[in-house]
Amino acid sequence: MRHIISILLENESGALCRVANLFSARGYNIESLTVAPTEDGSLSRMTLVTTGSDKVIEQITKQLNKLIDVVKLVDLSEGVHIEREMMLIKVRTLDEGREEVQRLSDIFRGRIVDVSDRSYTIELTGAGDKLDAFIAALDEGDIIEVVRSGVSGIARGESGLKI
Amino acid sequence: MVADFFVGGSNDPGEAVLELSGAEIVIRSLADEGVEFLFGYPGGAVLHIYDALFAQDKVKHILTRHEQGATHAADGYARSTGKPGVVLVTSGPGATNAVTGIATAHLDSIPMIVITGQVPRAMIGTDAFQEVDTVGITRACVKHNFLVNDVADIAETMKKAFYVATTGRPGPVVVDIPKDITDPSIKIPYKYPKTVSMRSYKPAKKGHARQIKKAVELINGAKRPMIYAGGGVILGEATKSLITFTRYMGSPITLTLMGLGAYPASDKQFVGMLGMHGTYEANMAMHECDVLIAIGARFDDRITGKLDDFCPHSKIIHIDIDPSSISKNVQAHVPIVGHVEPVLKDLLKALREAKAKPDKKGQTAWWKQVAEWQGKDCLRYRDTKTVIKPQYAIETLCKVTKGNAFVTSDVGQHQMWAAQYYGFEKPRRWINSGGLGTMGFGLPAAMGVQLAHPKAQVACVTGESSIMMCIQELSTCRQFNLPLKIINLNNGYMGMVRQWQEFFYEKRYSESYLEALPDFVKLAESFGHVGIRVDKASDLEDALKEAFKMKDRLVFLDIMVDPKENVYPMIMAGRSHHEMHLMPEGDAG
């Protein structure tokens, strides 16, 4: 099962390494991982997408909690939540294909953020499967470059992951 | 000699501010933590610290002959006292040599602080002389590590290091200190923090009342209860509570390799060690019990054997301070996270209040069954007057030391025999590398034990292969007059490797025979110690007595044991508890 684990982490050098190290040392999967400081400069927020059986996910959360730099964590998949991912995608566009790509981008509510004679760069935000669908809708040969941010997530409702 | 950096600097208000250099702060912090011994080896990056060390005598430095020896010695000190072991080594090779000892402590949850020198901050990342990324290298084998970036952070980091190492599930902590922040010319005001709190680290203490209630319900009316306790009981100083609890239960109790001594071996409720080389009765009782109470033990693969067939008829109550130990290998029905001592007390109180007890009739039948298994006499071996059986050597050691010695061991057959045949009555007397299985551990660990207990009998049970891995420490023993007794069970083989090759590789003894072994008697003598060779069983007891009579000398007993002896009973790897192999009839005598 796919799980989104959201982690508050001390914003210290090596903290990210400890998390990454834990996953490689114990053979857990990481599908994606994003990390950046929060409004409190001493804390980073990390969103980690992983897959595993319930038993494995239980171990992952326990092992993460055991890391001294991990302040708090929550498995967002246990409740209703929002997840978003941002993608920058550069597409080769020639002649009539140019209009087609623009139309597709509109349908997916993307924004064209850079234009050259032969390409568009589109910014697209949404859940991962929406980004996948957009990529699938394009002609594979026309894709020059794909950059995805990895998933960020937050729980719905009033409560938040705070210290 | 009292260094001037020991005058002042207390937390008393009104006292003059004490200004110290980073190097002085390191040493002063150790003194303020009450550290007696610092095990180490100097080098470029820690020279300022060694200079501060030179100016005082509160913290006694023990110069080992190799950084691995320093870490194991600190480890042995910690295991035998319950206090953290402290190590000081230089950058680069100093730090990498310490890694084996750090990992050894980590796997057995031993509190240890390892201070490593680092190249000056400006040179970090430049592949400078003797530079390694110590924090990166040790990350996977420490409880936590720190790179100190500012002289003003040293005292607080030291406080945190001791706090993290000694609380919760203990473990080693590395503090990496760049040379330039220990510069003697830069002085800052010193005050050692009285307390420390870390928002991201709050170890559990008491167990959850609801879980304890569930445990009481399971225990009440249990017909075949079984207690399985491990090293956590010793680390948590919970021996007395374990004994009271076990008496109340009236059930059999088994201990892991790490737990030996947590419950007196001579007690009638004790059914011996469990696991791969555990007793027949302990393993059978694990297999047949209906309620298992696991206390400070972590269901290691050497304990459980085949997981699918582990305790198949049993509900499991698991008490551990580390939540990640619970349901990692074996699913617990009642998990109790907490410090073993308060949890056992609360559990016992709850049992008494509820008048909950195992079923009397059931338990009588259970003990009858256990007695039947005990009747197999699974540790029996054929004794001879000529060839020295290693089991006999350990039994004799136990007899001569009245079961009262501190016994360290290396890793292999001798380790298992020591665990099986030396009856440990008290905690912190059996000191071995159970988790990592580090050959070379025994001798330096014994040094740490002897330093902590100068009058005690300390025996290092080893083999000719293991002892060679840290043999240089004989020199340390001479310098500090450590009167250890080295019990070298010499069979000329890496015995456990040979045993597995006999069983599983059709006797192809690939590289497990040591050619060109030294003359250990002469070797010991060349280091200034006493060496005695014993090759007849009838001479052994007298030789041991003679050795222990020499109270101020290290005696190296080179005991020529039966080279073909195997460790029994044995559960083959990946098999389950009821599939034990006992010693073949002809050999069991």
*Which atom names give the shortest non-hydrogen contact between Ser324(B) and Gln59(A), and what distance separates them?*
O-NE2, 2.8 Å

*Can you name the closest pair of heavy atoms from Lys62(A) and Ser327(B) and give their distance?*
NZ-CB, 4.4 Å

Quick check on [X] against chain B: is it the side chain, the backbone, both or neither that has a heavy atom closer than 4.5 Å?
{"X": "Ile68(A)", "value": "both"}
{"X": "Ser42(A)", "value": "both"}
{"X": "Glu12(A)", "value": "neither"}

_Separation of Leu67(A) CG from His144(B) NE2 (nearest 0.5 Å)_ = 9.0 Å

*asked:* Nearest 0.5 angstrom please: Gln331(B) CD to Glu58(A) CD, how far?
replied: 6.0 Å

*Proximal component of Ile326(B), with respect to chain A [non-hydrogen, under 4.5 Å]*: both

*With a 4.5 angstrom heavy-atom cut-off, could you sort out which part of Asn149(B) is near chain A: side chain, backbone, both or neither?*
neither

*Donor-acceptor pair, Lys55(A) side chain versus Lys328(B) backbone, under 3.5 Å?*
yes

*May I ask you to say whether Arg199(B) pairs ionically with Glu10(A), meaning some side-chain N is under 4.0 Å from a carboxylate O?*
yes

_Atom NZ of Lys90(A): over 12 foreign heavy atoms under 6.0 Å_ = no

